[in-house]
Amino acid sequence: MQVPSHFEYERATGVEEVLALLAKYGPEARVVAGGHSLLPMMKLRLATPDALIDINDVSELSYIRVEGDELLIGALVRHAELLASPVVAEHFPIFRDAERVIADPIVRNRGTIGGSLCQADPSEDLSAAFAAVRATVVIRNADGSRTLPVREFHTGPYETEVGDGELLTEVRVPIRPGGSSAYEKVDRRAGDWPLAAAGAALWLDGGTVADVGIGLTAVGAKHFVAAEAEEYLRGRPADEDSFAEAGRIAAEHCDPVADQRGPADYKRHLAGELTTRVLRRAAERART
Amino acid sequence: MKITVTVNGQEYDRDVEPRLLLVHFLRDELGLTGTHWGCDTSNCGVCTVCLDGTPVKSCTVLAVMADGKSVRTVEGLEQDGELDPVQKGFVECHGLQCGFCTPGMLMTSRWLLDNNPDPSDHEVREAISGQLCRCTGYENIVRAVRWAAEHPGTSTSTSTSEEEVTA
Amino acid sequence: MTDTHTGFGRMHRKEDARFIRGRGTYVDDVRLQGMLYGAVLHSPHAHARIISVDTSAAEAHPKVKAVITGETLASLNLAWMPTLSNDVQAVLATDKVRFQGQEVAFVVAEDHYSARDALELIDVDYEPLPVVADARRALDDDAPVIRDDVEGRTDNHIFDWEAGDRRRTDEVFAGADVVVAQDMLYPRVHPAPLETCGMVADMDKVTGKLTVWTTTQAPHAHRTLYALVAGLPEHKIRVISPDIGGGFGNKVGIYPGYVCAIVGSIVTGKPVKWMEDRSENLMTTSFARDYHMQGEIAATREGKILAVRVTTLADHGAFNGSAQPTRFPAGFFHVFTGSYDLEAAHCEVTGVYTNKAPGGVAYACSFRITEAVYLVERLVDVLAGELGVDPAELRLKNLLRPDQFPYTCATGWEYDSGDYAKTLRVALDMAGYDELRAEQAEKRAHGELMGIGLSFFTEAVGAGPRKHMDILGLGMADGAELRVHPTGKAVLRISVQSQGQGHETTFAQIVSQELGIPADDVEVVHGDTDQTPFGLGTYGSRSTPVSGAAAAVVTRKVRERARLVAGAMLEADPGDLEWEAGRWYVRGDQEAGVTIKDIAMAAHGNLELPEGVEGHLDATTVYNPPNLTYPYGAYICVVDVDPGTGKVSVRRFVAVDDCGVRINPMIVEGQVHGGLADGIGMALMQVMAFDDEGNHLGASFMDYLLPTSMECPSWELGETVTPSPHHPLGAKGVGESATVGSPVAVVNAVVDALKPYGVRHADMPLTPANVWRTIQGRPFRTDLAIT
């Protein structure tokens, strides 16, 4: 079996301690929680951090709660917890849809929300889901904390706004009435990474789209967002024609690359097809 | 570094490298070779054990992460000479052939039944969907878990941490 | 859970008791005093000249005990080893590397982690060479010559081989009303057992004895090969194949890592363990298939199938390591005549070298029969489409009739027994075929894509008659030894080895059936060459057909010996004794009888035995099968295809197998279940593709996908029983039936679903992208990089 090379290990129990350890070890330290992205890369020796800072015991980051008109999700929340949460299901069916198809149940027991976002894999599901619902993220550092829209969080493949000495601590999702959401992914097999996936959050004003968020993953959409399709849809009738056209626009503006999961034209097609499907489903849910 | 891990109810103190994977800790340090490994990328799930009562893939957990925690492996399923119903179910329903994925499947099955004592076939399939089996085509594993659900008998919880047992 | 079960029938497996407790002993569970750990350095290039290998930094690692390179091995005359196809393969590369992942160096260290660390300290200087990754380019004039280690070689051609009567076949084709051609690829796949390959080698310098614990499906054949390769005396080699975590053909061959572990132990004087990681397993050990087939089928307008012919390009990788009986370089591919009464058939197969891993192993395919079945069953479906007839009807019309058996097919196989139409009808009834067709028509009217796929397969398994079949000169007959202890408990020693098939149970049941004692009173010893008689191992579904027969024969010998002893005990002429389950009695006097238990004690006691009877109760035998056995089956797969995404869902799978007499029906069903899942995997997701540079594009379980519980439906099994007339138990073997028969049923179902788009063929795997592109009329090569 492949095994990681040497590193130092520290276990933190609080955010302040994590930040202190990050300062101590410098830029070659990595934060680890579930470890399901990082440890395989370390085994393959594609990642060779000097130190790992284990945040599994930082229980202050393990919460899902509603405060005011926001859903707050701690970075240490496990995928399985997000999937099982009644309050998440009530407000954002998109996460239930997504979490059911992220990795597998055993990996979901361990993998965390913060870890998924920070890994910033261009095929990661939650990045698209959070983009669709226009979440914001909270990043802590020695000077305090800053928030920024999740749509500005990813700066490129495997790159985020989280800088040296910083820690993603929370994701906030605005709760707005009158809408619903959905997510759909196409994979080759259960537990596979997506060939493409789309998430939509839709707010209706009668028969009209009052507002919409569309997230796409694995298709090279900038910041995981189908911005042009969103723009088109706002104010349009929430009907099949609009959703089909939004799908077409989403497909046109994404930039997938071919790999063994499929050729680029297929992924582009999926971007459109899935965009239309999740809009349709989100609208159905919003109406009921 | 020095760690203390409770495995199947017994406390072990060991001095290990931080990079030691939990699966190797169990197999090589403690000689508990019932937990197998089958890939490098946390896809196959044959290394599944329960960490503080929750199944995890032990090839993707560091032994140091288990410091102060409790682990349960296949060796801990049988209690006082009495097989766990999932063990019986796998025999009854021919839920295993080569036996390599079996320990991990048993741990997940026990956890599933602890949380959902009467799962549907589909729920069983979902629960084991992160664990590969090359022999059974899964059918008899599903039947075995269903058998265990129908014969709860003397089931033993996935958790062996005293805290949780008394909680 | 003790069992007093006697004879054939469903009974719990004896081996389960240890497995459910985590008490199995697999190779990686073996721990010896002072054991060291080996790790292999692999080539990142698919084709490159080795300029230099610098191991100094690795050797300086404080925990490293030895670093072995091709040069080290060359000095021991061990740099190359024979393959199962009479080619040679580099153990560690000396001149060139010829596929990505080829073994270059071997590190032995105090622990596994240090051995891995030391690999990074070895510096190899490569000069990359042009690559041939596509078999279809291998014979091009400008293709680089891969095997320039063989003097005078100027191309990548390995062999041309043909079977059947070409002239007669061409005549039938020329005169046929309808001829349909279809090119198809059975892509390169990997057996991928969950336990990778490995070995613990322990050379005892004092006794000169080498003991290896290793993942082998053929311990005796491996022992002989080690003797031949390493020049070690064969009686000083003990091969132990302990519990094996699945084989599926992957553990038939001998891999460089095994030889390195042995050399490592010889060099260090300590036991050495080497276990592959998953990438090593997928990249370097035996692949299967990689057959590029151009098939044709000829028929009358009324739908009588007349002939089949095929030209095949076989990609054997960088070394010809294909596992099959010597005289059959394409395995048993020429049983592509299938289950039909053909007037003529012909195939020609050309084997080529490419810069890909060697192998060509029986991945649950009975020596290329899965390719054969895929070919003929796809062609029959294509023909049905051409003729506009229902594929079930076309098959029923052409299946061999019971009165035609034994039947010699157009390529020379003698099919032993069958009632094919009956089996297909059972499957059609179970599936509710007519209702399914009606549902499909309704769905099509709404634009929904539902497909129904059939396959009817005939296998030729149980290799084989030693007159025709050997591997590297070793005949394919199997020994068996049975000893009944004084108290009536028995030990059966067999040459075949279980990788999950449940031999400890099934073989005990054979003895139990023949001797009338409980199966639990029979201990089956296997997987240890010092403890068992010679035989060629477990693959090609040969355990029950060959060793199962040996077990029956040896038990009957013991029973006959028992008759002589019973005669002495009963003071009767042995010829006047009758047998009933477990006892001999005097004909006409049921009361006057003795049980095997009584006889066993007497045979070991002071009873005066007739002249010529030596005492004790044991026997040995070597079973040389008179023919192969021909299991068959009818499979029906129902799929739904999402036209918007190309995603295939297998809704139902009906499998009706006829494997002759079933010794333990529970185990038979389990074997079928596993094979069906494998079929889903191959048809829908498993593939090892390579890019132009020869990079392996499926080198982990993230990229080489195996089916999970979610892709597999709840299997619906049925059976018919047509005993083999020449097997002592009437059994035919079933280990690979489902893997052979199921992939094409899935493909036929998907192609059937895509009929509204005019699709008549699509190559595996039918991934969502492949299906969608097929719908668009723009399929891609599934064995190459997707661009």
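Quick note on labels: first sequence line is chain A, next is B, and so on, each numbered from 1.
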Peer 1: What closest approach, in Å, do B:Ala127 and A:Ile106 show between heavy atoms, and which atom pair accounts for it?
Peer 2: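 Closest approach of B:Ala127 to A:Ile106: O-CD1, 4.4 Å.
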Peer 1: Indicate yes or no: at least one non-hydrogen side-chain atom of A:Pro40 is less than 4.5 angstrom from one of B:Asp40.
Peer 2: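 Result no, sub-4.5 Å side-chain heavy-atom pair not found.
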Peer 1: Contact part of B:Gln131 toward chain A, heavy-atom cut-off under 4.5 Å: side chain, backbone, both or neither?
Peer 2: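 Just its side chain gets close to chain A.
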Peer 1: Of the listed residues (A:Leu39, A:Val3, A:Val32), which shares the most heavy-atom pairs with chain B below a 4.5 Å separation?
Peer 2: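 The answer is A:Leu39.
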Peer 1: Using modelled atom types only, decide if a donor and an acceptor are shared between the side chain of A:Lys43 and the backbone of B:Cys59 within a distance under 3.5 Å.
Peer 2: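 Checking the backbone N and O of B:Cys59 against the side chain of A:Lys43, a donor-acceptor pair under 3.5 Å is found.
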Peer 1: Output yes when a side-chain donor or acceptor of A:Arg11 lies under 3.5 Å from a complementary backbone atom of B:Val64, and no otherwise.
Peer 2: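 Yes, A:Arg11 side chain to B:Val64 backbone: donor-acceptor pair under 3.5 Å.
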Peer 1: Between CG of B:Leu62 and CG of A:Leu52, what distance do you get to the nearest 0.5 Å?
Peer 2: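 Reported value, rounded in 0.5 Å steps: 6.5 Å.
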Peer 1: Please check if atom CZ in A:Arg30 has more than 12 non-hydrogen atoms from other residues, nucleotides or ligands closer than 6.0 Å.
Peer 2: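 Check fails, neighbour count at 12 or below.
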Peer 1: At a heavy-atom separation under 4.5 Å, does A:Ala33 approach chain B through its side chain, its backbone, both, or neither?
Peer 2: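 Backbone only.
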Peer 1: Would you find a donor on one side and an acceptor on the other, under 3.5 Å apart, between the side chain of A:Asn109 and the backbone of B:Pro55?
Peer 2: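 Yes; judged by distance alone, with no hydrogens or angles, the pair exists.
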Peer 1: Quick check on B:Ser42 against chain A: is it the side chain, the backbone, both or neither that has a heavy atom closer than 4.5 Å?
Peer 2: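 Both parts, backbone and side chain.
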Peer 1: Given that the side chain runs from C-beta out, which part of B:Met1 has a heavy atom under 4.5 Å from chain A: side chain, backbone, both or neither?
Peer 2: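 Contact with chain A involves the side chain of B:Met1 alone.
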Peer 1: In terms of heavy-atom pairs under 4.5 Å, which option from B:Thr108, B:Asp67, B:Thr48 contacts chain A the most?
Peer 2: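 Ranked by heavy-atom pairs under 4.5 Å with chain A, first place is B:Asp67.
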Peer 1: Look at atom CZ of A:Arg100 and say whether more than 12 heavy atoms of other residues, nucleotides or ligands are closer to it than 6.0 Å.
Peer 2: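 Count not over threshold, so no.
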Peer 1: Measuring from B:Ser58:OG to A:Arg110:CZ, what's the distance to the nearest 0.5 Å?
Peer 2: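 If I round to the nearest 0.5 Å, the distance is 11.0 Å.
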Peer 1: Under 4.5 Å from any heavy atom of chain A, what part of B:Val23 do you find: side chain, backbone, both or neither?
Peer 2: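 Contact with chain A is through the side chain of B:Val23 alone.
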Peer 1: When only heavy atoms count and the cut-off is under 4.5 Å, which of residues 15-22 of chain B reach chain A?
Peer 2: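 Checking residues 15-22 of chain B against chain A gives B:Glu17, B:Pro18, B:Arg19, B:Leu21.
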Peer 1: What option among B:His24, B:Glu126, B:Met65 has the most heavy-atom pairs under 4.5 Å with chain A?
Peer 2: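 Result: the option with the highest number of such pairs is B:Met65.
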Peer 1: Taking A:Asp104 for its side chain and B:Ser129 for its backbone only, find out whether a donor-acceptor pair lies under 3.5 Å.
Peer 2: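 Judged by distance alone, no pair lies under 3.5 Å.
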